[in-house]
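Have a look at the structure below, then the notes.
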Amino acid sequence: MARKRYTPEQIIGMLREAEVRLPRGRRSVIVRSLGVSEKSYCRWRREYGGQKISQAKRLEDLEKENQRLRKAVSYLPLDAWIHR
């Protein structure tokens, strides 16, 4: 089975849809109708539960910025050693 990648916006949309449908049915049936496994659903709830789309975008931007800064800092000792 091919692995699908969902954007944070799609994940939040699916979580909201599942929350709306949960009072009327079993979680396993609802999650399967969304096309994901229960394990993915639980992981998404833990990571994105209660977030809004704007918050997810902001989190993604912060993670990219953090990665860029870590890479820049990792080169600092190397530059100091070379320029002696």
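The side chain to side chain contact (heavy atoms under 4.5 Å, CB included) search around Leu22 returns Arg27, Ile30, Tyr41, not counting sequence neighbours.
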Working note: Arg58 + Gln55, criterion side-chain contact (heavy atoms from CB on, under 4.5 Å); need CA distance, chi angles, decisive distance, verdict. CA-CA 5 Å; Arg58 178 74 177 138; Gln55 292 171 326; 5.6 Å; no
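Using a 4.0 Å cut-off between charged side-chain N and carboxylate O, Arg68 and Glu65 make a salt bridge.
Annotation for Gln67: atom CD does not count as buried by contact number, only 12 or fewer foreign heavy atoms lying within 6.0 Å.
Summarising the geometry, atom CE belonging to Met14 is positioned 12.0 Å from atom CD1 belonging to Ile12; distances are rounded to the nearest 0.5 Å.
No path of Ile, Leu, Val, Met, Phe, Trp and Tyr side chains, each step under 4.5 Å between heavy atoms, connects Leu59 with Ile11, placing them in separate hydrophobic clusters.
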Taking distance alone, no hydrogens or angles, what donor-acceptor pairs closer than 3.5 Å link side-chain atoms of residues 47-54 to residues at least two apart or in another chain?
none

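With a 4.5 Å cut-off on side-chain heavy atoms, Ser28 and Glu38 count as touching.
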